[in-house]
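Down below is the structure, laid out as structure tokens.
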Amino acid sequence: MKTLNKYILGLCAVAMFSMTSCYDLDQLPNDQVNVDFTNTTQAEQVLVGVYNTLNIDWIYGGRYGWDNCSDIAWCSNGWWPSYDHYDIAHGNISPSSSRIRDTWQNYYKAIQRANRFIANIVEAGGDATDRGKEMVGEAKFIRALMYFEMSQLWGGVPLYTEENVYEGKLARSTEEQVRAQVISDLEYAAAHCADNAPGTKVGQVSKGAAYALLGKVYLWNKQYNEAIAAFKNVVNKGYELNSSYADLFRPANAGLKPDGADNSKEMVFVVEHSKDMTNRYGFATQHLSTRSAKGGGINVSRPNPSWVYSFEAKDGKTFLEKAKEILGDVRNENGESGYDLLTSSDPKDHVKFWGSVAIGYREGDKSADGVTTDKDGNVIDKFDIGRVVASDGSFNGYTPFRDKIKELWAAMDPRLGYTVILPYEMYDGYGATNYDEYLKDPDNVTTKLGTKPVESVIWGYIDSKGDAVTNTHGNTNLGLLVQEYGQNSYLWRKFVEEGDWNGTNPDRNQNPVNWPVIRYADVLLMLAEAYIGAGQAAQATPLVNQVRARVGMPAKASVTLDDIKAERAHEFGIEGLRFWDLRRWGEYRAKTNGIVESDVYLIARGANPRNISALMEEKFPIHQDELRMNDLLEQTPAWKQ
């Protein structure tokens, strides 16, 4: 039995962290272990360590942060760089940016593990069996995925493979050479990986996953006929769209009906997560969730209002067309039209339209505008829910447009409501009571921790001075959804836990939902895009309509590339794809530069408009530390001093 000493303990330790092992650790040197790569069990255990690199920050840990760099989402600060991607989103990168260094290094961590695994199993002859070839194919797929994304960010990069894994320094290969290696790796994976049935072993690289990524590479290269051929190989393997869109983003056995489908036949390849706290490979959902979720949340990503308003209604009308139809001539107590307020360019009008407020006074306290009594002179002495304080001190209920707002949401593309917690909709939070219980007996509310529905009330009012007051907070214990920083923004629903998901979510840092790297809906829309590129638009239409039909959206008679771009924006919100899509289409800077990050009221919450330079439109710089460590490296041409 042949054993090798080249494999670093750190790599094996990750694999052994969650799996039993028969390795002999009682040996010298004590920073290495002997692994028999002809032993399938041992080799598979090491391969787990390659897969686990996908959970590293900047790869698929905090993957949703890439959407903050696009036109569909924004982040309010840069305190959690691995999750908010704030610096990149705002164009604040340079050759000295730590974000660039961390991203580069973490990609190479995954590549290094894949290279060492391939080198060792090939040298040991472990790739002689069918399972050995499958494992090599899986490692090559992961390496290809890493190099493919690096080529999109940096173009040509040093090309380390199993052939030169132990060499110290390499110069940049060309972008074409990197792409050629990616295609070669994926062709091997497509030929040798297991042909798993859809919905089985979704976290293992399969032939379907290899063909799907190969098609995506060809699509990026504008090799449309090759992309079509690769995607057809996926279509022919029996993948299918899950009947429920919403269920794709919550785990099986979450106690909800219908059940979670994060391992369904739609999942071509996922980063697999577990609720088992001895296997800490979940993703940090707290950065997407709210204070009303179990364990709390910090909202480092928020949907852009312009993206929310880009969705179609179920009858094909635009958001504003549907809003005009539903709001009609509904007016507030001052006679102001709801539709006029909604479409106004003045944020104060948006406060009048959206705003409700919860303000609590005690006797002797004064509000922001000096009001301590209601219109009848009664002292306000307890916390009042969902009320607006008018300039004369009178109470009005919720915004008078609340019911019509809810009617508007119900008329829109269902993917919007499945992806976003919309104003005045309910979210199954995790609090101590709820609004209905409060209304029944506000002075004697029972407080029992557990799953409680909370309402996404948007706070704000115009005070007696005519100023907008928008920094008020809800109270989870009183059935109100609480936002971080009181920013009154739209909030993500997709991936965010509801209640405690029947015990499947033990920790807010370890969300058990599998992260979808490639869904079948993605394959269908990429295939449609390839048909458009190849001049076969008629072939694209039924593919797009298949995706739309899943959520009850009307079929299109024909589709254009712009239709596909819009469909992708609505289908894949906060799945981390939009940034990469914009770069593929050459629209990254055009779609993101100058964005003012704002809340529901269109009040700016970011410090400044985004400033995406022409340099970032091309390729990213290499960090100066990498240049110092490797004198063979040259800076990305556009970033040279």
Side-chain angles (χ1 to χ4, degrees), residues 70 141 144-145 147-149 151-152 175-176 178-191 193 198 205-241 265-269 516-550 553 555-573 575-588 590-591:
S70 76
F141 173 94
L145 179 60
Y147 274 131
F148 175 50
E149 293 190 355
S151 71
Q152 294 175 59
E175 187 171 353
E176 292 72 25
V178 174
R179 295 276 175 80
Q181 181 64 50
V182 167
I183 290 171
S184 175
D185 281 349
L186 292 175
E187 287 176 339
Y188 183 97
C193 283
V205 178
S206 64
K207 289 183 184 296
Y211 277 121
L213 184 55
L214 183 60
K216 190 171 188 176
V217 174
Y218 282 133
L219 184 63
W220 183 277
N221 291 351
K222 296 181 171 58
Q223 294 174 267
Y224 299 118
N225 290 326
E226 290 86 349
I228 290 168
F231 289 136
K232 279 185 173 180
N233 277 320
V234 185
V235 171
N236 293 334
K237 290 190 177 298
Y239 293 97
E240 58 187 49
L241 298 178
K265 291 183 179 180
E266 183 166 343
M267 298 304 182
V268 180
F269 180 63
V517 179
I518 306 173
R519 291 199 277 120
Y520 187 53
D522 192 7
V523 172
L524 292 176
L525 292 179
M526 288 192 292
L527 177 54
E529 186 178 332
Y531 275 128
I532 294 285
Q536 303 176 52
Q539 302 288 337
T541 303
L543 300 171
V544 174
N545 284 338
Q546 187 176 342
V547 175
R548 290 171 63 84
R550 188 248 298 273
M553 291 298 290
K556 290 182 174 290
S558 61
V559 298
T560 65
L561 181 57
D562 284 341
D563 291 326
I564 294 172
K565 291 175 181 178
E567 204 66 36
R568 291 187 64 83
H570 300 150
E571 176 73 20
F572 303 116
E575 293 181 51
L577 294 181
R578 183 67 172 174
F579 167 83
W580 307 93
D581 282 348
L582 293 178
R583 293 189 71 85
R584 180 170 77 254
W585 299 323
E587 298 179 353
Y588 168 54
K591 292 288 188 181

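In this text, all values refer to a predicted model and were calculated from it rather than measured experimentally.
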Determine, stepwise, if the pair V235 / Y520 fulfils side chain to side chain contact (heavy atoms under 4.5 Å, CB included). CA-CA 8 Å; V235 171; Y520 187 53; 3.6 Å; yes
d(R578 CZ, E571 CD) to nearest 0.5 Å is 13.0 Å
Quick one: does F141's side chain get under 4.5 Å of L186's, heavy atoms only? yes
Nearest heavy-atom neighbours spanning A212 and V234: N-CG2, 3.5 Å
Could you walk me through whether V547 and R568 satisfy the side chain to side chain contact (heavy atoms under 4.5 Å, CB included) test, starting with their C-alpha distance in whole Å, then the side-chain angles of each, then the deciding distance to 0.1 Å, before giving a yes or no? CA-CA 10 Å; V547 175; R568 291 187 64 83; over 6 Å; no
Quick one: does F148's side chain get under 4.5 Å of V178's, heavy atoms only? no
When Q181, E176, E175 are each screened for side chain to side chain donor-acceptor pair (under 3.5 Å) with R179, the one that passes is E175
Can you tell me how far apart CH2 (W580) and CH2 (W585) are? Round to the nearest 0.5 Å. 14.5 Å
Nearest 0.5 Å, what's the CD1-CG distance between I228 and N233? 12.5 Å
So how far is it from Y211 OH to E187 CD, rounded to the nearest 0.5 Å? 9.0 Å
What are the two closest heavy atoms between I532 and V559, and how far apart are they? CD1-O, 3.7 Å
Least distance between heavy atoms, L582 atom then S70 atom: CD1-CB, 4.0 Å
Using only atom types and a distance under 3.5 Å, with no angle test, would you say the side chain of D563 pairs donor to acceptor with the backbone of T560? yes
Considering all heavy atoms of both residues, which atom of Y531 and which atom of K232 are nearest to each other, and what is their separation? OH-CE, 3.0 Å
Check against side chain to side chain contact (heavy atoms under 4.5 Å, CB included), F579 and Q152: CA-CA 11 Å; F579 167 83; Q152 294 175 59; over 6 Å; no
Looking only at heavy atoms, the pair that brings S206 and C193 closest together is C-CB, 3.9 Å
Looking at every non-hydrogen atom in both residues, tell me the closest pair between N545 and A555 and how far apart they are. OD1-CA, 3.4 Å
Measure the CG-OH distance between L527 and Y224 for me, rounded to the nearest 0.5 Å. 13.5 Å
Any heavy-atom pair between the side chains of L525 and L543 that's under 4.5 Å? no
Would you indicate whether the side-chain heavy atoms of V523 and E266 approach each other to under 4.5 Å? no
Let's go through Y218 and I183 carefully: what are the C-alpha distance in whole Å and the side-chain angles of both, what is the deciding distance for side chain to side chain contact (heavy atoms under 4.5 Å, CB included) to 0.1 Å, and is it a yes or a no? CA-CA 9 Å; Y218 282 133; I183 290 171; 3.6 Å; yes
Mark yes or no for whether K265, through its side chain, and Y239, through its backbone, hold a donor-acceptor pair below 3.5 Å. no
Rounded to the nearest 0.5 Å, the NZ atom of K216 sits from the CG atom of L214 at a distance of 13.0 Å
Could you tell me whether E529 and R584 have a side-chain N and a carboxylate O separated by less than 4.0 Å? yes
Do M267 and R519 have side chains that approach each other closer than 4.5 Å (heavy atoms only, starting at C-beta)? yes
Donor-acceptor pair, side chain of D522 and main chain of I518, under 3.5 angstrom: no
Does a sphere of radius 6.0 Å around NZ in K591 hold more than 12 heavy atoms from other residues, nucleotides or ligands, not counting ones at 6.0 Å or beyond? no
In this structure, are over 12 heavy atoms from other groups packed under 6.0 Å from K556 atom NZ? yes
